[in-house]
Structure formats: C-alpha cells, structure tokens
Amino acid sequence: MRRTSRRLSGRPLAAAVAAAGLLGLLAAVPEAAPPSVAEPATAPAAAAATTATVFYSTKTRDWSAYYLHYSPDGGSWTTVPGTRMEAACADWVKLTVPLGSAGGLKATFTDGSGTWDNNAGKNYDLGTGDITVRDGAVAHSDPCADAGPEEPEEPPGPNSASVYYATSTVGWSTVNLHYRPHGGAWTTVPGIGMEAACTGWVKRTVDLGTATGLQATFNNGNGVWDNNNGNDYTLATGLTTVQDRKVTASAKDPCAAEEPDTEAPTAPEAVKAEADGVSVLLTWEPATDDRSVTRYQVTRTGGTRGTAVTDTTSTVFSDTGLEARTAYRYTVRAVDAAGNVSAESAAASATTGDKPPAPAAGTPLGTDPRKDPIYFVLTARFNDGDATNNRGGSQHQKSGNAANGDPMFRGDFKGLVQKLDYVKGLGFSALWITPVVLNRSDYDYHGYHGYDFYKVDPRLESAGASYQDLINAAHAKGMKIYQDVVHNHSSRWGAKGLFTPKAYGVRDAQWSWYYDEKDDAFTYDGLTVEPKSGKSYYNGDLWSTAEPSGNTCLNWGTPTGHTSPEGYRIYNCQWPNPTSGMFPKALYHNCWIGNWEGEDSRSCWLHDDLADFNTENAQVQNYLIGAYNKYIDMGVDGFRLDTAVHIPRTTWNRRFLPAIQERVTQRFGAEAAKNFFVFGEVAAFVNDKWNRGSVNHSAQFFTWKERKEYSADDEKAALEMYDYEQQQGTGAQPVSDNAFLKGNAYHAPDRSRSSGMNIIDMRMHMNFGDADNAYHNGKDSDDATNDATYNVVYVDSHDYGPNKSSERYAGGTDAWAENMSLMWTFRGIPTLYYGSEIEFQKGKKIDCGPTCPLATTGRAYFGDHLAGEVTASDFGKVSSATGKVADTLAAPLARHLQRLNEIRRAVPALQMGQYSTEGVSGSMAYKRRYTDAASGTDSFALVTVSGSATYTGVPNGTYKDAVTGDTKAVTTGTLAVPAPGKGNLRVYVLDLGGKNAAPGKIGAAGPYLK
C-alpha cells in the first residue's frame, strides 16, 4: 500500500491540522458546509422535536388515498393500513406523528388497497421534525412552508425576493433555502423547501418585510450544505439566481423561455427479469425524454405481500429477500424532472427458486505456489457484476467520479467470478485481490483502511457471489486466491471489536453539515444507507458531544485557537490522530513516523488514515490472528502482507507467521501449510541491495528467522533485535544458495532458517525501467534472500511504477514484452497488475486520492474492456470470446502473455528451478534446472532474453527450443544462440526422454515469441 512521502512528526497542533485536512476533503460542493460562524448557533429542529411531520410526494403516484403505516422507534406498528394522510399543498400529503421520547419512526406508505411503498422491503427509517419522502428519497424539509405572499410571475415588490437555485451540478433531489432577512433571524434549520421551477432549477419567493436583502445558504435536507465556502450568499430583493456559487442579481427568469414540461418519457423497453434463488435481477433499456429521465418506478406484484412500488435511478434493480418458489411480475415506468410519468412497460416475470444454502467452506489447492503466475486486481475497480452494491462515498462529487458515473466501489466479487475465464485465458492461475475486510474512511475502495477485520465488506459481495463463492469458483477452475491482509494498522476509526475512538463532535450551526444525526438502531457496513442521513457513509456513531466514558484524549472538546479554512472553530479531539491521547497506548502507537529508515518506522503512524497498531500487544495480536484465521478457514491459498516492514521481524517470527502455519496445518494438513503462500510488502524504494544500509528495512531481511534469543517481552525483543542487527550490519547477514545451481546440478534447498515470509522483489521492481537493469539488480540480492525462487516479481502496481515513479509504466510495448519475457523465465513468480496486458492507463498517475477522478488514474475501472463473453478451455487458451473482451485478448501483450504462460507451465525448470550464469555469456542469459526425485522430474533449460548467448560446460544431448521448435545437438558442452530480438526469447530444453522429454515448440508464433 502506498504511503505518503510527507514527514508527519512536526505537525503544529495535530488536531487543528487534521481537522483542516478534513475540511480540505469535504468543503467543496456538494460537500460544502452550512452557514458561516457569524450565524447564531442554531441546532437542527429535529434535535429537540417530539413529533415528526411526514410529507409524502403524490406527484408520481396515482393513488386514490394515502396512508402512513408506522411504528415509533421501540414502539408498535399501527394497524394496517395505518393512518390516513391529509392534503398539505400541491403534490404533497402530510401527517404529524406524536413520538413521545422516541428518536424517530419506521414507516411505509400505502393506498389502502394493497399497493405499498416500503423502500424496497427495507421500510423507511425517519427521524423527527419535518421530513419529506419523494420517490424513495428522504430529506428534512417542509415543502409547504409559508414563506410569504403567493408567488406571482414577477416579484411582488421591493420587500420580497425570488430565489432560483441551479441543481444541475449538485445533484440534489431536495433543496432547502435557509435564510435570514438583513437584520432579522435565521429560519429554523434546515430552512424551507424550494420547489421545482424548470429543468435544473428550483425556486422560492420569500417575504422580507422591510429588509432590503437576505443572507442565504442551501442544503439537501440531509446535512450537505452550500454556504458559498463559509461566506453565505448575500442576495438582493427581486429575482436572483445562484448557479455554481455565482450570484446574479436582477436576473432574468431562467425558466421564462422554457415551456412547461408536459411530455412524459417513453416507456422503458426490453425489461428482463432473472431469478437467482430468492432474488430477482431486473434490467431494462433506458427510456428517452425531451428533457431528461431522472428515475424509474418499479412495480412488483405476486407473493403474499401485496403490490410494491420502488423508485430507482438505475436501469438495474435487484429485488432481494423474496418468497421462495413464487411467481413475480414486474413493470417499469420512467419519470422526468417535472414529474411526468411514462406509460407502463411490458411486463417481465420470474419465478424464484429455493433460498440458497450458505456456500461450503473451501480448501486451499495446496500446490507449489511457484507454479502459479499471479494476476493482481483492485477488486473494486476490476469488473462490475452487480450495480446495486456500487457506492460513491463522501468524495463522490468532489473527486469528479460522479461526473463520470464511476463510483469508487464499482467492481465486486460477482464481476470477478464472471471474468475468471478471462484471467485463466491469459494463463494466470492465481489471483491476488486487495483486502476484503470492511473498510471505513472517506476513500476506502482499495481496502487498506480496515474497520471490521472479521467482516467481509458488503460493497464487494452479492447474492450468490459472496467471498466464499469467489474462492470456491476460482478453485473449481484450478485458480488460487491470495488475499491481501493488513496487520500494521486499522482505519483512523479504529478496529471494531478491539477499539473504536469517539471524536468530539457537536451538531451546531458550524458543524451539523458534517455530523450526522445519531441513529442507535443503525450499524455501519459501508453498503446500507442510513435512512435519516440518506448516506451509506453515515458517521453519526463516530462523534460524541459529551466526553465518552474512559476517554484518554487530552482537553476533550475544548476550543483551540485554530479554525478551519472556512472559519469554523476547531476543537480538541475533533479528529483522530496519534498524539492527542485518543488512542490507548496499549493498543495503538502514539506517534508520527519521523525517520522512514529508523526504529520509529516500525512503531509510529504512517498517515492520518492509518492508525498504527501496537502489534507487540497480545490483545492486538489475538484480534488479528483471530480475524485472519476466519479467511484461512474459508480456503484462501495465501496472504500478501501489506506494510510488512512496519512491524518488527521478531513479531512476525514469534506471532503472526507461526499462527498462519498453525491454523493451515490444523485445518488442512502439513502439505497445505507448506504451500500456503505468504509474501510481504517490505517497501524499500531504493536501487541498492540494502535499504540505505539499514538491514531492518530491507526486504530480504524478513525472509530469515531470528539468530539469537531476545527478551520474552515482545516490545523489548523488538528493540533488542533492531539494535543487534543494525550493529551487525550488512556484511554479517546470513547468505543462502537456495536459488542457485551448483554447476549444472539442482540441489535440495535448505529452508530450515526461513521465516516463512517470502517477499515482493522490490529491487527488481525499482529497476524495471529497463529489463536488463532489473535482471542484474535482482541477481545481486539473491544470496541475501532465503530462497529467491519464491520472490514475487512485478513491473508496476497500485502504488508505484519503476524507480518509485508515480505513474503506470509507459516504456512502450516492446519494453513491456521484454520485461514479461524476463519475468516469465527468470527465478521468482511473475505477477501482473490488472490491465497491463493492454498497457491500460500507461503514463497515468497511479493514485491521487479524491483530488482527481479515478478514471484518470492507474486505478481506473477496467470492466469496459471486459464486456462480452469469454470461455477458457485451459490456462492460456480461449475457446470463445465475443464483444470487447475479444479485442482485449487480441492485444499484442495479451497474446504474448498467453504463450509465455503456456511455455512456463510446460517447463518445470522455469517454474521452480534454481539458476546459474556460470559458463554463460549474454546480457540476460541463464540456465535453470529443477529436479524432484519423488515425482521423477528433471528439467534443464537454457534461456536468453532478447540478446544472443553462448553456454559452455552444459550437459551434452539434444536441446529443443520451446519458442521455435529448433533442435540443437550438443556434443562438446557448448551451445550458441543468435539474438532472437527485443521481447523475444529462446528456451532450449534438454531432452532427457520419458516424462522429461523436451516438449519442442509450445504454442503458436505471436507478435514477439517467434
């Protein structure tokens, strides 16, 4: 996982700066803040209300009567059909509900004759005060508030103001005007509802009395505000427009030239319903409209629960939790911004099956991991199989993702299952996927901000496509799953079940825009929308105005002398950080990293979003071991250890690595444990063998067991080991010949001193700007690594390109082909970051957080290149492909990979062999051999990449080239090979007869291998 390059230790007033960082993330439209600090502190009306006035929109309903069926929180439901609602104003009905001491109510709506709007089976969870429910959207607003005289075509005089607000860039379905006449008082938060004026505009005329203008802000009724960057808007009398923060006084009516929209959209077509267990997936083609279609109404009939009407903005609707073995009928209507409703679509029907049983736990495939080339995907960015679990998060608008229709959580396990044949067709037999645990932060699609380590993130799962289903589906195709895991840190909001901080927060006039109303009945899972806030990224459980029991944060809730960029007062303990005392020292480290090659790099925070575990604490160790045992039990085939360098080697060797081996052995046996692949990210972003001379921060160091006894106390042991090994220095570190042939002979490797952690080959990665450079640097580090034949080798990743470049590799197609030819034939396990097979996003910045759209980065969505169907008949072989995915597979590098994988799979020496350059001339030329007496395998190969080579002192016999089929008879121990050309290679395999016969030409000539 990528780390910041900033030095974080010298921050002035950590709480102030952290909060300022928060505002930097959240202050842009529509994450704008509420009225400025000049406004008297006015708590939202809902906070003190003991009633709820529920407004329900009738604009798109054609019911003869409207009933509210409800239960106060903790109370009983009304008798069906509920209480009849009364007319409120045009297109609205309302009902005021007494709540007593309840903090809200559960609600559904019905016509009293069997048709229900129950929020797609989830019911509506409503708060207190004035609440609107319109086409499935909930907000705090009074759409019928009396703000002055009836609205004429022109403003009635100097003491009124007609305010028009543009909604096209904020995307709000509800807009409130919160204002005060000059010299007067503010309206009660959230203000008064504005009404639709024309496409892209809402309006409201307000009576100002004798005032000559007003201060105003706007909000969506769910805590998202536009207050002109903290300055409020100053508006005059007459007609004023506010568009993209630009105020135009004495403006022309933006709707005057537009004829009223009375034309309904076309009816949706091609409606299809497909049942999967007790769920139905409904899809249809988008309807058309003379202006624009804003949403769809789905009507379901069938079963014992009556007719249900559900609103959605997508053309995909997943109806879950239905009755088993029941026929359902669906129709769809389109709705435009003016509320015009289309005719009903043709009906689609589906019959549910039985509720599917939970998938059985899997079993790891348990074969030597060196046989399996790895394809690395950011699951949330790979392929979208289920649009209903897509989530944009709090940065959806600010990042620019919303404008691209590209929510950060987009790909999922279902999409991955659907494209397993694509990965297999390229020739890969292992998938490395980003962390699966439930995350929690403002931008957490990547998975490295773990919050609940015991729960799979629901934004990745679907009905019939759980994590277990993915593991099982991969195994059924002979493919492994390597799960990225994090032991070093949790999200800034802690680790559920271990410790979760409560930051200071007050829902006053300054900060109510950010702090959601508390909802004790709601549990955050990243997916479910909290009904009162309308957010899946609800944060009402993270804040406390009262100092929580057991608080250790210093000066809780006291104002600091600092303000946010918008001028809001910042309080102590308002934002999690390591130095405030908010995190208990026993469980979390309480410092920022100051020296990336110092001891503190193992015991301090890397970044605001990464709360650094005290991994030497037994409670923390047990929490993490217990969590990852769960995924071992599911049958994963290995772990990639994120940020491994930031945990002392003693802790890995004493606690985490033995725990993995113990659990796999317990569940699946010793052979499975031997081949459970563990590889660590020891991020040494340098070109030298030892990371700036520090052994404790060098990748190969972590492949070794400890070589002396240390204190029984893990914290003391970590310091003792650090000091001892630093004093020993680079010249006194252990060496190994496990990766090297002895002459031409393979020898049994000695792994008795192996820690059990293998490594990402950071040195080759850093030097892969040029294949020859990567090769020679890689060789130079192999004697310091316990067994470099297990090194994971890649060119670029989700963090960096070669030489710590922040862009995806852009060296050209020929250079890519050469890099691949080296990786697939040299020692180690070749690994490819998703999309590199078509040079996807080459030269693009890999990551810029929420400051730019994901579509412009190296983490862009790849699914558009996978559209269509693909079937793999074997690894590296595709029997059929249609659509865009066929074009992707036809790309030169994709074809190159297919053949490389075929060749590597057919020659054991290329998979598991040791290597030597003794008697070999040539820039990237080597000999490799693998021998296994138990299976009778003996494989010997001579390899050259791009350039010519001469091999002397090799065994006599017949050699056959796996690329061309060329045969050479060696009688004097010498074999010469002409240069095959850049990206091309030769693999001359010694023909030893029987099961060890040379395969000859493997596969068909391609763009590079020929």
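None of the values given here were measured: they were computed from a predicted structure.
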Taking the side chain as C-beta and beyond, is there a heavy-atom pair between T58 and D91 under 4.5 Å? yes
What is the distance from atom NE2 of H449 to atom CG of D442, rounded to the nearest 0.5 Å? 9.5 Å
Any donor-acceptor N/O pair, R859 side chain to T856 backbone, under 3.5 Å: no
Under 3.5 Å donor-acceptor pairs involving side-chain atoms of residues 277-288, not counting sequence neighbours:
unit_1 : atom_1 : unit_2 : atom_2 : d
T288   : OG1    : T266   : OG1    : 3.1

Would you call the rings of Y164 and W201 parallel, tilted or perpendicular, taking 30° and 60° as the class edges? perpendicular
Please report the interatomic distance NE2(H396) to CG(N390), rounded to the nearest 0.5 Å. 9.0 Å
Do Y445 and N401 get their side chains close enough for a donor-acceptor pair, meaning under 3.5 Å? no
Taking side chain as C-beta onward, heavy atoms only, is Y66 less than 4.5 Å from D117? no
Between the side chain of T326 and the main-chain N/O of A324, is any donor-acceptor distance below 3.5 Å? yes
Please tell me if the side chains of S349 and R329 come closer than 4.5 Å, counting only heavy atoms from C-beta onward. yes
Residue pair A107 / W77: nearest heavy atoms and the distance that separates them: N-CH2, 4.1 Å
CG/D261 to CG/D336 distance, rounded to the nearest 0.5 angstrom? 4.5 Å
Write down the atom of L322, the atom of R305, and the distance for their closest heavy-atom approach. CA-NH1, 4.0 Å
At their closest point, which heavy atom of E461 faces which heavy atom of V456, and how far apart are they? CD-CG1, 3.5 Å
T294 side chain to V335 main-chain N or O, any donor-acceptor pair under 3.5 Å? yes
Is a donor from one side chain sitting under 3.5 angstrom from an acceptor on the other, for D289 and S292? no
Indicate yes or no: at least one non-hydrogen side-chain atom of R459 is less than 4.5 angstrom from one of N439. yes
For the residue pair R440 and Y524, would you count it as a cation-pi contact if the rule is NZ or CZ under 6.0 angstrom from the ring centre and within 45 degrees of the ring axis? yes
Give the C-alpha distance, both sets of side-chain angles, the deciding distance and a yes or no for side-chain contact (heavy atoms from CB on, under 4.5 Å) between V54 and F109. CA-CA 11 Å; V54 181; F109 303 88; 3.9 Å; yes
Hey, does the side chain of D226 reach the backbone of F218 with a donor-acceptor pair shorter than 3.5 angstrom? no
For residues V202 and E195, determine if any side-chain heavy atom of one lies less than 4.5 Å from a side-chain heavy atom of the other. no
Are D319 and Y330 close enough that a side-chain donor and a side-chain acceptor fall under 3.5 Å? yes
Please name the pair of heavy atoms, one in T331 and one in E344, separated by the smallest distance, quoted to 0.1 Å. OG1-OE2, 3.1 Å
So, for S76 and P72, which heavy atoms are closest and what is the spacing to 0.1 Å? O-CD, 3.7 Å
Supply the atom-to-atom distance D142 CG to K94 NZ, rounded to the nearest 0.5 angstrom. 7.0 Å
Under the criterion side-chain contact (heavy atoms from CB on, under 4.5 Å), I'd like the reasoning laid out for N383 against Y861: C-alpha separation, chi angles, the key distance, then a yes or no. CA-CA 7 Å; N383 187 54; Y861 177 66; 3.7 Å; yes
Give the intermediate values and the outcome of side-chain contact (heavy atoms from CB on, under 4.5 Å) for residues D135 and R61. CA-CA 9 Å; D135 299 328; R61 302 286 189 254; 3.9 Å; yes
Ignoring hydrogens and geometry, is there a side-chain-to-backbone donor-acceptor pair from T110 to T115 under 3.5 Å? yes
Strictly distance-based, threshold 3.5 Å: is any side-chain N or O of N118 a donor or acceptor partner for the main-chain N or O of T108? no
Does the side chain of D457 reach to within under 4.5 Å of the side chain of F409, using non-hydrogen atoms? yes
Using side-chain hydrogen bond (donor to acceptor under 3.5 Å, both in side chains) as the criterion, point out the one residue from Q297, R134, R333 that pairs with T60. Q297
W172 vs Y165 aromatic rings, parallel, tilted or perpendicular, using cut-offs 30° and 60°? parallel
Quick check against the 3.5 Å criterion: does D384 have a side-chain atom that pairs as donor or acceptor with the backbone of G863? no
With a 4.5 Å cut-off on side-chain heavy atoms, are N340 and E263 touching? no
In the structure I gave you, are the side-chain heavy atoms of T888 and V870 within less than 4.5 Å of one another anywhere? no
Show the numbers, then the answer: is there a side-chain contact (heavy atoms from CB on, under 4.5 Å) between V377 and I433? CA-CA 5 Å; V377 301; I433 61 173; 3.8 Å; yes
Keeping the roles fixed (side chain from K419, backbone from L866), state whether a donor-acceptor pair exists under 3.5 Å. yes
Strictly by modelled atom types, are T53 and T96 linked by a side-chain donor-acceptor pair under 3.5 Å? yes
OH of Y514 to OG of S394: how many Å apart, nearest 0.5 Å? 6.0 Å
Output yes when a side-chain donor or acceptor of D444 lies under 3.5 Å from a complementary backbone atom of G447, and no otherwise. no
Aromatic ring proximity, centroids under 6.0 angstrom, Y467 and F413: yes
Looking at E869, I want to see if its CD is surrounded by more than 12 non-hydrogen atoms of other residues, nucleotides or ligands under 6.0 Å. no
Spatial distance of atom CG (D73) from atom CG (L105) [nearest 0.5 Å]: 7.0 Å
Donor-acceptor under 3.5 Å (E323 side chain, T304 main chain): yes
If you compare all heavy atoms of Y834 against all heavy atoms of A860, which two are closest, and at what distance to 0.1 Å? OH-O, 2.7 Å
